[in-house]
A.B. asks: 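Let me give you the structure first, and then I'll get to my questions.
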Amino acid sequence: GDWIGQRNKIFETYVPLEPDKKFNLKSQSFFILNSMGIASNRDAWVYNSSKVNVSENMLSMINFYNEQVEDYKNHKPMDGDKLSAKDFIDKNPSKISWSSSLIPKLENGLNAIFQEDKIFPAHYRPFTKQYLYYGEKMIHRRSQSDFIYPIPNTFKTRNICIPGIGVTKDFSCLMTNGLTDMELVGKNQCFPLHYYEERQKSSPGLFDSDGDSEFIRRDGISDFILERARKVYGKNVSKEDIFYYVYGILHNQDYRTAFENDLKKMLPRLPLVEDVRDFWKFSKSGRQLAELHINYEEVEPLDSVKVQLPEANLQMDAYEFYSVEKMRFPKKDIKHTINYNSRITISNIPEKAYEYVVNGKSAIEWIMERYQIKVDKNSGIKNDPNDWSRENEKPSYILDLLLSIINVSVQTVDIVNDLPKIKFD
């Protein structure tokens with residue numbers, strides 16, 4: 001596949017991000033663990049802007065699944081021919097979403113239990129959170145997520161998320177600190193700052209139950225790269241410094257351009273830059289980008305961006321006033337203005353803000369796309385982003401989010417443009 005998209009031979013000489021084998025403490029790579037994002041194979045059911053709806057949808061589906069298990073157990077085949085589960089199951093998409101991992105569980109007579117306490121906020125798309133049902137049997141593939149987030153909402157490990165192999169969109173990356181969907185950045189691969197190992201408590205305390213566990217935090221960055229970096233840059237370098245160096249250099253446009261074809265066919269490999277000043281600049285900038293992308297909801301709006309509200313004080317419920325059906329540009333090629341809803345207009349958006357692109361689309365346009373009311377055509381399940389505002393008691397959440405992302409985008413572009421230049425000879 002290299003006839004047209006020629007790879008760069010220098011790329012092979014750099015240190016790989018991913019380990020040769022997961023959890024190999026001696027791996028000669030930047031990280032000793034990476035994980036795919038969450039692959040549910042039933043997104044409409046397990047994800048929703050409403051925690052209440054996720055709960056109701058999954059309770060309904062699990063009850064139906066259990067009915068199917070019992071029906072299959074009680075099925076009496078004619079002439080001794082056992083009917084295969086694939087032929088037996090009810091495939092009505094308004095009742096259930098089957099997957100290749102769920103059907104064998106039915107064949108083995110395994111019932112599912114609805115777990116109300118397994119609903120967590122998750123990063124579904126860039127700068128877009130949804131409630132996720134993370135209960136047993138209903139996630140198709142978890143990969144290594146349980147090592148990174150053994151108790152979601154309690155452990156806030158930071159992940160560098162990058163596209164997996166074969167993604168055709170231009171390379172991008174995004175920092176998260178929670179459960180992350182597989183399509184956050186396309187076949188998402190997560191590289192954590194830390195991961196956790198579970199072990200039984202050796203000496204239970206007075207209030208511990210028998211069999212209580214404790215979690216031991218491990219470093220995601222390898223000893224190999226720490227030792228190599230310290231030889232080049234000095235003994236003050238820490239694994240965190242290297243982690244943010246990775247995030248910084250992955251944003252470097254020289255790197256992305258030089259290895260455009262490689263990054264579509266392989267996971268990244270990175271050099272340790274020659275100039276110690278460049279290393280610290282990449283690390284510092286990577287840390288700035290991480291803080292910006294993790295705490296995006298708290299970023300203040302740009303003063304120059306204008307929000308036009310109705311002059312008259314309409315006697316309208318706050319949630320209704322700020323509700324959104326679908327945000328639009330006045331015209332396709334006019335992006336300095338966004339019609340938020342019939343009452344609110346946002347204008348004077350800097351052109352530069354649209355230069356920040358994640359997973360093939362500007363961060364601003366991700367907000368516009370994801371925060372609209374949608375109905376899944378197969379299941380009929382409605383996903384209303386305004387439910388997130390209501391359940392979190394923040395009427396203007398979506399408007400505030402859009403204004404924050406405009407500023408996040410501008411600041412990201414400024415930081416990226418200030419990164420050191422690299423020549424790849």
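Here, residue 1 is the first one in the sequence, and each next residue gets the next number.
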A.B. asks: Has K105 got more than 12 heavy atoms of other residues, nucleotides or ligands less than 6.0 Å from its NZ?
C.D. replies: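 Atom NZ in K105 is packed in, count exceeds 12.
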
A.B. asks: With distance as the sole criterion, is a donor-acceptor pair present between the side chains of N74 and E70 under 3.5 Å?
C.D. replies: no

A.B. asks: With a 4.5 Å limit on heavy-atom distance, are the side chains of Y134 and S145 in contact?
C.D. replies: yes

A.B. asks: Just wondering, more than 12 heavy atoms not from I113 lying within 6.0 Å of its CD1?
C.D. replies: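 It does not: I113 CD1 has 12 such atoms or fewer within range.
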
A.B. asks: Less than 3.5 Å apart, which donor and acceptor atoms pair up between the side chains of residues 283-291 and the rest of the protein, not counting sequence neighbours?
C.D. replies:
{"residue": "S283", "atom": "OG", "partner": "D241", "partner atom": "O", "Å": "2.8"}
{"residue": "S285", "atom": "OG", "partner": "K281", "partner atom": "O", "Å": "2.9"}
{"residue": "R287", "atom": "NH1", "partner": "E240", "partner atom": "OE1", "Å": "3.4"}
{"residue": "R287", "atom": "NH2", "partner": "D241", "partner atom": "OD1", "Å": "3.3"}
{"residue": "E291", "atom": "OE1", "partner": "R158", "partner atom": "NH2", "Å": "3.4"}
{"residue": "E291", "atom": "OE1", "partner": "N295", "partner atom": "ND2", "Å": "3.2"}
{"residue": "E291", "atom": "OE2", "partner": "R158", "partner atom": "NH1", "Å": "2.8"}
{"residue": "E291", "atom": "OE2", "partner": "R158", "partner atom": "NH2", "Å": "3.2"}

A.B. asks: With no hydrogens and no angle check, just 3.5 Å: does a side-chain donor-acceptor pair link H251 and T412?
C.D. replies: no

A.B. asks: Passes side chain to side chain donor-acceptor pair (under 3.5 Å), Y397 versus E297? Steps please.
C.D. replies: CA-CA 9 Å; Y397 174 83; E297 291 165 304; 2.6 Å; yes

A.B. asks: Can you name the side-chain contact (heavy atoms from CB on, under 4.5 Å) partners of P93, sequence neighbours left out?
C.D. replies: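 Expected list: N378.
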
A.B. asks: Examine distances only and state if a side-chain atom of D254 and a backbone atom of I422 form a donor-acceptor pair shorter than 3.5 Å.
C.D. replies: yes

A.B. asks: Under 3.5 Å, is there a donor-acceptor pair between the side chain of N66 and the main chain of A112?
C.D. replies: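 Judged by distance alone, yes, a pair lies under 3.5 Å.
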
A.B. asks: With a 4.5 Å cut-off on side-chain heavy atoms, are K86 and I103 touching?
C.D. replies: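 Yes. Closest side-chain heavy atoms under 4.5 Å.
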
A.B. asks: List for me each residue that meets side-chain hydrogen bond (donor to acceptor under 3.5 Å, both in side chains) alongside K335, sequence neighbours excluded, and say none if there are none.
C.D. replies: E365

A.B. asks: Tell me if a side-chain donor or acceptor on D181 pairs with a main-chain N or O of E183 at a distance below 3.5 Å.
C.D. replies: yes

A.B. asks: Considering only heavy atoms from C-beta outward, does the side chain of Y322 approach that of N386 to under 4.5 Å?
C.D. replies: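 Y322 vs N386: side chains apart.
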
A.B. asks: Closer than 3.5 angstrom, by distance alone: can the side chain of N159 be matched with the main-chain N or O of C161 as a donor-acceptor pair?
C.D. replies: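 No, because the side chain of N159 does not come within donor-acceptor range (under 3.5 Å) of the backbone of C161.
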
A.B. asks: Could you check whether any side-chain N or O of S27 sits under 3.5 Å from a backbone N or O of D20, counting only pairs where one atom can act as donor and the other as acceptor?
C.D. replies: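 Yes.
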
A.B. asks: Could you pull out all residues at least two apart from S55 that satisfy side-chain hydrogen bond (donor to acceptor under 3.5 Å, both in side chains)?
C.D. replies: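 E116.
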
A.B. asks: Hey, does the side chain of R256 reach the backbone of L250 with a donor-acceptor pair shorter than 3.5 angstrom?
C.D. replies: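 A pair under 3.5 Å: yes.
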
A.B. asks: For Y47, give me all partners under ring-ring contact (aromatic ring centres under 6.0 Å, His included), at least two apart in sequence or on another chain.
C.D. replies: Y124

A.B. asks: Listing request: all side chain to side chain donor-acceptor pair (under 3.5 Å) pairs with a residue in residues 184-194, at least two apart in sequence or in separate chains.
C.D. replies: N34-Q189

A.B. asks: Applying ring-ring contact (aromatic ring centres under 6.0 Å, His included), name anything that partners F424, two or more places apart in sequence or on another chain.
C.D. replies: F259

A.B. asks: Check whether any side-chain heavy atom of Y149 sits under 4.5 Å from a side-chain heavy atom of F120, and report yes or no.
C.D. replies: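 Y149 vs F120: side chains apart.
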
A.B. asks: Can you sort out the partners of Y133 under side-chain hydrogen bond (donor to acceptor under 3.5 Å, both in side chains), two or more places apart, ordered by chain and number?
C.D. replies: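 Partners of Y133 under the side-chain hydrogen bond (donor to acceptor under 3.5 Å, both in side chains) test: none.
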
A.B. asks: Any side-chain heavy atom of D387 within less than 4.5 Å of one from V52?
C.D. replies: no

A.B. asks: Go through the structure and list residues passing ring-ring contact (aromatic ring centres under 6.0 Å, His included) with Y196, not counting sequence neighbours.
C.D. replies: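 Result, ring-ring contact (aromatic ring centres under 6.0 Å, His included) vs Y196: F155.
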
A.B. asks: Using side-chain heavy atoms (C-beta onward) and a distance below 4.5 Å, is S323 in contact with D384?
C.D. replies: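 Side-chain contact under 4.5 Å: no.
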
A.B. asks: Is it the case that more than 12 heavy atoms not belonging to E298 sit under 6.0 Å from its CD atom?
C.D. replies: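 Count over threshold, so yes.
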
A.B. asks: Could you tell me if the side chain of I221 sits less than 4.5 Å from the side chain of F31, heavy atoms only?
C.D. replies: yes

A.B. asks: Donor-acceptor pair, distance only, cut-off 3.5 Å: does the side chain of Y340 make one with the backbone of V324?
C.D. replies: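 Flag not set: sc Y340 to bb V324 has no pair under 3.5 Å.
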
A.B. asks: Donor-acceptor check, side chain of N57 to backbone of W45, threshold 3.5 angstrom: yes or no?
C.D. replies: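 Here the side-chain-to-backbone pair does not exist.
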
A.B. asks: Can you pull the salt bridge (charged side-chain N to carboxylate O under 4.0 Å, His left out) pairs that have at least one residue in residues 391-409, sequence neighbours excluded?
C.D. replies: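 Matches after skipping sequence neighbours: none remain.
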
A.B. asks: Hey, are the side chains of R141 and S101 touching, using non-hydrogen atoms and a 4.5 Å cut-off?
C.D. replies: no

A.B. asks: Does any donor atom in the side chain of R42 or S99 lie under 3.5 Å from an acceptor atom in the other side chain?
C.D. replies: yes

A.B. asks: Could I get the full list of side-chain hydrogen bond (donor to acceptor under 3.5 Å, both in side chains) partners for N417, not counting sequence neighbours?
C.D. replies: none

A.B. asks: Strictly distance-based, threshold 3.5 Å: is any side-chain N or O of N383 a donor or acceptor partner for the main-chain N or O of S49?
C.D. replies: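 It does hold such a pair.
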
A.B. asks: Output, in order, the C-alpha distance, side-chain angles, deciding distance and verdict of side chain to side chain donor-acceptor pair (under 3.5 Å) for T180 and H123.
C.D. replies: CA-CA 5 Å; T180 306; H123 299 272; 5.5 Å; no

A.B. asks: Quick one: salt bridge (charged side-chain N to carboxylate O under 4.0 Å, His left out) pairs with a partner in residues 48-62, sequence neighbours left out?
C.D. replies: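 Qualifying pairs: none.
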
A.B. asks: From L272 CG over to L270 CG, what is the distance, rounded to the nearest 0.5 angstrom?
C.D. replies: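 That separation rounds to 8.5 Å.
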
A.B. asks: Is it true that a side-chain atom of R328 and a backbone atom of N339 form a donor plus acceptor pair closer than 3.5 Å?
C.D. replies: no

